[in-house]
**Q** 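Pasting a structure here, questions to come.
Throughout, numbering of the chain's residues begins at 1 and tracks the sequence. Counting convention: from 1, in listed order, for ligands and their atoms alike.
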Amino acid sequence: MNISTKIEILKGDITKVTVDAIVNAANTSLLGGGGVDGAIHRAGGQAILDDCRKIIARQGGCKTGQAVITTAGKLKAKFVIHTVGPVWTGGQKDEKVKLADCYKNSLKLAVDNNCKTIAFPCISTGIYKYPTNDAARVAVDSVLEFVSNSDKIDKVIFVCFDDDNFSALGGVLHQRAV
Ligand code: AR6
């Protein structure tokens, strides 16, 4: 089976997607913010923040590249996986490794929680300013590597809010699939 068939790209709002887990592009405080983080907390409601506060009490937030899991509250998904992408500062501060870690650690956490379907936003490509095309390569390559080595994930959906990310991801996926 061609593993690239496990990967889909959608244009739209990740809060509307029905999967086992949706991933949030959070920050180290886990207390919410703008962008997709704001949209997920708004749509999912207070229960998500309540779970985040329990994690904060336990481990004091989340480091860049790491991931934590909470309820999805009122969302259709079962869980929200919060991961913290790197802020782009030119590429000399391990941004690529940290962005790849976000995808890999989120997928690991999904598997540990028996999730078979997972949706990702384009982590770090908004407020954190990671260049779209570079981020798309990291996203697709990290996910492809993970799903090639694990049969526990059935579907990974990249949910793009804008045309630039949608076409960048489409381009990389097309290159990798041939
Ligand atoms: N569904 C899918 N994608 C979305 C949505 C949505 N509803 N809303 C925005 N995006 P960003 P970052 C896209 O800025 O760059 C927050 O304040 C958006 O177009 O949400 O990782 C956090 O608290 C972009 O392509 O996340 C952090 O402080 C992508 O999601 C900081 O922003 C990521 O943009 C994280 O910055």
**Q** Tell me whether Thr15 has any N or O atom under 3.5 angstrom from an N or O of ligand 1.
**A** no
**Q** For atom 7 (N) of ligand 1, find the nearest protein heavy atom and state the residue, atom name and distance (0.1 Å precision).
**A**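 Here the nearest protein heavy atom works out to Asp13 OD1, 2.9 Å.
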**Q** Which is closest to atom 21 (O) of ligand 1 in terms of heavy atoms, Ser124, Ala39, Gly38?
**A** Ser124
**Q** Between atom CG of Asp162 and atom OG1 of Thr132, what is the distance when rounded to the nearest 0.5 Å?
**A**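 With rounding to 0.5 Å, CG (Asp162) is 6.5 Å from OG1 (Thr132).
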**Q** Could you grab the distance from atom CD of Gln59 to atom NZ of Lys54, nearest 0.5 Å is fine?
**A**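 Gln59 atom CD to Lys54 atom NZ measures 14.0 Å (nearest 0.5 Å).
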**Q** Give yes if a backbone or side-chain nitrogen or oxygen of Ile14 is under 3.5 Å from a nitrogen or oxygen of ligand 1, and no if not.
**A** yes
**Q** In ligand 1, which numbered atoms sit nearer than 4.0 Å to a non-hydrogen atom of Ala25?
**A**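 Those qualifying, in numeric order: 21 (O), 22 (C), 26 (O), 35 (C).
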**Q** Just to confirm my output: which protein heavy-atom neighbour is closest to atom 16 (C) of ligand 1, and how far is it?
**A**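 Scanning the protein heavy atoms, the shortest distance from atom 16 (C) of ligand 1 goes to Gly34 O, 3.4 Å.
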**Q** As an exercise, state the distance from CD1 of Ile69 to CG of Leu109, rounded to the nearest 0.5 Å.
**A**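 One finds 4.5 Å between CD1 of Ile69 and CG of Leu109.
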**Q** Among protein heavy atoms, which lies nearest atom 27 (C) of ligand 1, and at what distance?
**A**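 For atom 27 (C) of ligand 1, the nearest protein heavy atom is Tyr128 OH, 3.5 Å.
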**Q** Determine the minimum heavy-atom distance between Asp151 and Lys6, stating which atoms define it.
**A**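 For Asp151 and Lys6, the tightest heavy-atom pair comes out as CA-NZ, 4.3 Å.
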**Q** Test of understanding: given a 4.0 Å heavy-atom threshold, classify the contact between Asn165 and ligand 1 as side chain, backbone, both, or neither.
**A**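 Under 4.0 Å from ligand 1, Asn165 contributes side-chain atoms alone.
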**Q** Where is the nearest protein heavy atom to atom 32 (O) of ligand 1: which residue, which atom, and how far?
**A**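 Result: Ile127 CD1, 3.3 Å.
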**Q** Which atoms from ligand 1 have a heavy atom of Gly33 less than 4.0 Å away?
**A**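 Near Gly33, meaning under 4.0 Å from one of its heavy atoms, ligand 1 has 17 (O), 23 (O).
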**Q** Check ligand 1 against Gly12 and write out every atom of the ligand that is under 4.0 Å from a heavy-atom position of the residue.
**A**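 Ligand 1 atoms under the 4.0 Å threshold to Gly12: 1 (N), 2 (C).
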**Q** Write out the residue and atom name of the closest protein heavy atom to atom 15 (O) of ligand 1, then the distance separating them to 0.1 Å.
**A** Gly126 N, 2.9 Å
**Q** Considering only protein heavy atoms, which is closest to atom 25 (O) of ligand 1, and at what distance to one decimal place?
**A** Thr125 OG1, 2.7 Å
**Q** May I have the step-by-step check of salt bridge (charged side-chain N to carboxylate O under 4.0 Å, His left out) for Lys98 and Asp101, ending in yes or no?
**A** CA-CA 5 Å; Lys98 286 178 182 156; Asp101 283 347; over 6 Å; no
**Q** Between Val36 and ligand 1, does any nitrogen or oxygen pair lie at a separation below 3.5 Å?
**A**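 Checking ligand 1 against Val36, an N or O pair does fall under 3.5 Å apart.
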**Q** Please could you name the atoms of ligand 1 that Asp162 approaches to less than 4.0 Å, counting only its heavy atoms?
**A** 19 (O), 25 (O)
**Q** Under the side chain to side chain donor-acceptor pair (under 3.5 Å) rule, what pairs show up with a residue in residues 26-36, not counting sequence neighbours?
**A**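 Listed by first then second residue: Asn27-Ser29.
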**Q** Is the backbone of Phe146 close enough, under 3.5 Å, to the side chain of Ser150 for a donor and an acceptor to pair up by distance?
**A**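 Such a contact is absent between Ser150 side chain and Phe146 backbone.
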**Q** Tell me whether the count of non-hydrogen atoms from other residues, nucleotides or ligands lying under 6.0 Å of NZ in Lys78 goes above 12.
**A**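 At most 12 heavy atoms, drawn from other residues, nucleotides or ligands, come within 6.0 Å of this atom.
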**Q** Below 3.5 Å, N or O to N or O, backbone or side chain included: is there any such pair between Lys129 and ligand 1?
**A** no
**Q** Report, in ascending order of atom number, the atoms of ligand 1 lying under 4.0 Å from any heavy atom of Asp37.
**A**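 Near Asp37, the atoms of ligand 1 are 22 (C), 23 (O).
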**Q** I'd like to know if the side chain of Gln66 pairs up with that of Thr83 as donor and acceptor (distance under 3.5 Å, no hydrogens or angles considered).
**A**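 Checked: Gln66/Thr83 side chains show no N/O donor-acceptor pair below 3.5 Å.
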**Q** Specify the protein heavy atom at minimum distance from atom 33 (C) of ligand 1: its residue, its atom name, and the distance to 0.1 Å.
**A**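 Looking at atom 33 (C) of ligand 1, the protein heavy atom closest to it is Cys122 O, 3.3 Å.
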**Q** Can you tell me if Lys129 uses its side chain to pair, donor with acceptor, with the backbone of Val87 under 3.5 Å?
**A** no
**Q** Residues two or more places apart in sequence or in another chain: which of them pass ring-ring contact (aromatic ring centres under 6.0 Å, His included) with Tyr103?
**A** Phe120
**Q** Considering heavy atoms of the protein only, find what lies nearest to atom 13 (C) of ligand 1 and give residue, atom and distance to 0.1 Å.
**A** Phe161 CB, 3.8 Å
**Q** Does ligand 1 have any atom sitting under 4.0 Å from a heavy atom of Ser29?
**A**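 The answer is no, since Ser29 has no heavy atom less than 4.0 Å from ligand 1.
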**Q** Should the heavy atoms of other residues, nucleotides or ligands under 6.0 Å from NZ of Lys116 be counted, would the total exceed 12?
**A** yes
